[in-house]
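What follows is one structure encoded as structure tokens, with my remarks underneath.
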Amino acid sequence: MLAFAIRRLIQAVGVMLVVALISFLLFRFVGDPVNQLVGVDTTPEQRAQLRQDLGLNDPVYAQFGRFVGKAARFDFGISYQIKQPVADLIASRLPATLELSLVSAVFALLVGLPMGVYTGLYPQTLLSRLFLALSLTGISLPTFLIGILLIFIFSVNLGWLPSFGRGEVVTIGGFWTTGLLTRSGLSSLILPAITLGLFQMTLIMRLVRGEMLEVLRTDYIKFARARGLSSRAINFGHALKNTLVPVITITGLQIGSIIAFSIITETVFQWPGMGLLFLQAVQNVDIPIMAAYLLLIAFLFTIINFIVDLLYVAVDPRIRIGGAGA
Amino acid sequence: MTATLSVRNLRVEIPTRHGVLTAIDDLSFDIAPGEVLGVVGESGAGKSITGSAIIGLLDPPGRIAGGEILLGGERIDNLAPPAMRRVRGKRIGMIFQDPLTSLNPLYRVGDQLTQTILTHEKMTARAALDKAERLLVEVGIPAAGARLSSYPHQFSGGMRQRVVIALALAADPELVVADEPTTALDVSVQAQVISLLKRLCKDRGASVMLITHDMGVIAETADRVCVLYAGRLAEIGKVRDVVKHPQHPYTHGLMTAIPSLKGDPDARLEQIPGSMPRLGAIPEGCAFNPRCGFRFERCRAERPAAYPTSRSEASCFLLDAAGAAPPPETAAAARAAGIEVRAGAPTGADA
């Protein structure tokens with residue numbers, strides 16, 4: 001088990017280095033950083049001095065080593081546009097995005113999983129057909145349209161929920177801002193979380209449904225029935241547990257995607273998170289922010305995948321043996 | 001004495017888009033207490049469906065459309081689902097064909113056993129665990145206590161089938177339906193598993209319905225055998241009688257198709273011409289008539305009932321003492337094959 005975890009950890013470090021290389025190359029190939037920093041009236045001498053100061057004349061591997069070393073200490077340089085340390089900018093935006101992502105992931109799981117189990121157990125009922133039809137909408141409608149529709153209905157027409165922003169936030173521990181503790185923060189969270197989580201919810205529902213239909217046909221479920229076990233024990237013990245491995249994989253990957261692609265939702269709802277920051281950075285060719293964002297997202301993906309791998313082992317004993325033996 | 005299992009005129013239908021198929025048609029048989037009844041037939045003859053119908057687990061849309069199933073004299077085919085659930089496992093144990101897929105891969109063997117035991121019997125978890133260990137010892141699993149915490153994939157195929165047998169017997173059922181219990185196993189462990197199953201059921205006084213297409217297994221294990229053809233009973237009787245003196249032309253064909261160790265090694269194997277009809281295209285009259293070497297007019301028009309002979313019962317008009325006689329040459333050929341032709345007997349054809 002420990003060997004398994006360590007091996008996965010080493011792989012994760014490898015992945016991070018490759019991503020670091022890619023974001024480092026961003027600096028070198030997307031325009032000359034010196035041009036981005038200085039004005040038009042800078043003399044060639046000043047430019048050369050700046051180039052020397054920034055270490056741009058060093059060999060490439062030395063520059064890369066320095067980049068990795070700094071990144072490991074969360075030092076991603078200064079934003080070209082905003083002239084503040086990138087690490088601080090991201091730290092101020094990270095809580096908003098993570099909170100939105102986690103809430104929508106929890107929403108997707110808590111709603112999608114039971115719906116999937118239900119439609120898998122009773123595929124013929126009217127409610128199942130309704131769920132399936134709704135899920136088709138969830139999968140086929142683009143996120144921004146769902147967001148705008150929700151705003152139109154619940155903010156503009158009904159006036160129940162705010163249409164933009166995070167509402168009031170509370171600062172915890174000096175750096176983490178949360179909207180979960182105030183009324184306006186919570187009500188601001190509802191629409192964006194649904195918008196962001198709807199696609200994942202329908203995906204999880206359809207996945208669980210498909211897996212349930214598959215598992216319910218297996219011999220061990222038939223044998224469990226033949227032994228007279230209760231429907232509850234069969235459906236929620238024997239069947240559901242066997243559907244979990246693919247569900248965990250997809251959910252893990254989807255949490256990563258939720259964080260990475262919250263950009264659209266954050267734009268629609270003017271949510272002050274990383275996605276909005278990244279979008280502004282792209283418009284202004286603010287490479288330090290883009291590079292840091294890339295690294296951060298890759299880091300989150302790697303962490304999630306690592307947790308997913310450990311969860312597999314907890315759920316399926318066959319992986320334990322295979323992993324330790326291979 | 002009341003039969004452990006009594007199947008009366010069972011009819012199983014499967015509605016499909018192309019009409020209703022009759023998978024089991026007017027099938028009747030009894031299993032006496034402690035008896036092992038072998039059920040044989042080709043693939044699609046309805047062996048497994050009969051087993052599923054008895055335990056109430058027909059795959060939808062299949063349904064019991066007629067007849068009765070009695071367990072210890074009580075009807076079980078019309079029980080409500082919760083009542084039927086208490087019959088399954090507790091009074092009828094079932095063993096499936098493939099031990100590799102019969103066990104849930106994510107649960108320890110001990111947990112699957114104790115869960116089954118606790119579903120049917122009131123006892124403490126500790127007592128259930130003790131019973132689970134005793135069961136594993138009984139089915140011959142070495143180091144049973146330690147193996148309780150193993151997962152199914154840590155057992156070999158033969159060992160897994162032993163675990164499956166332990167699970168089927170966990171609540172001491174009075175009837176065990178074994179659906180091809182050895183087909184998926186290595187030949188070398190087949191005999192062990194079958195004799196284990198037979199011994200455990202004998203110790204418990206449980207009856208066994210042994211579904212298989214392996215006549216060798218039947219000959220060694222069963223007391224009586226029931227031969228199915230296209231969802232209908234062809235012949236039923238003591239194994240010895242049916243094997244040595246088959247009375248139905250189909251059974252006769254099956255027996256002559258088994259190669260003999262004593263015969264000429266170069267002789268061609270006998271075979272029955274044609275193949276069993278699909279459920280949607282069962283011929284009029286006797287289902288076997290297009291392939292039968294002894295058919296006569298009546299076979300194409302009417303369906304035979306099961307007629308008694310001196311040894312077994314078989315569904316063939318040749319055996320109907322009250323029926324019309326077949327042409328003399330057909331009767332002579334059938335007699336030469338060992339069939340006790342009785343049709344037209346009062347007029348002296350049997351003399």
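Please read these numbers as outputs of a predicted model, since none were measured by experiment.
Using a distance-only test at 3.5 Å, with no hydrogens or angles considered, no donor-acceptor pair links the side chain of H238(A) to the main chain of Y107(B). Side-chain N or O atoms of R88(B) include one that pairs as donor or acceptor with a backbone N or O of R225(A) at under 3.5 Å.
Closest non-hydrogen pair, F223(A) versus F96(B), comes out as CA-CE1, 3.5 Å. Residues P105(B) and Y220(A) share a closest heavy-atom pair of CD-CE2, 3.7 Å. Smallest separation of non-hydrogen atoms from S230(A) and R85(B): CA-NE, 3.7 Å. When every heavy atom of H120(B) is checked against every heavy atom of R227(A), the shortest pair comes out as NE2-O, 2.5 Å.
More than 12 non-hydrogen atoms from other residues, nucleotides or ligands lie less than 6.0 angstrom from OH of Y118(A). Around the CD atom of E214(A), the shell of radius 6.0 Å holds no more than 12 heavy atoms that belong to other residues, nucleotides or ligands.
Contact tally against chain A (heavy-atom pairs below 4.5 Å) for V177(B), T116(B), L100(B): the top residue is T116(B). For the set S231(A), A224(A), G237(A), the entry with the most heavy-atom pairs within less than 4.5 Å of chain B is G237(A). The greatest number of non-hydrogen atom pairs below 4.5 Å with chain A, out of V164(B), D98(B), I55(B), is found for V164(B). When each of I95(B), L106(B), L167(B) is checked for heavy-atom pairs under 4.5 Å with chain A, L106(B) comes out on top.
Remark: D179(B) CG to D219(A) CG distance equals 10.0 Å, nearest 0.5 Å. Distance check, rounded to the nearest 0.5 Å: OG1 of T101(B) to CD1 of I221(A) gives 11.5 Å.
For Q97(B), no part lies near chain A; criterion is any non-hydrogen pair under 4.5 Å.
Taking 4.5 Å as the heavy-atom cut-off, the residues of residues 239-248 of chain A that approach chain B are K241(A), N242(A), ordered by number.
A heavy-atom distance below 4.5 Å is found between the side chains of K222(A) and S52(B).
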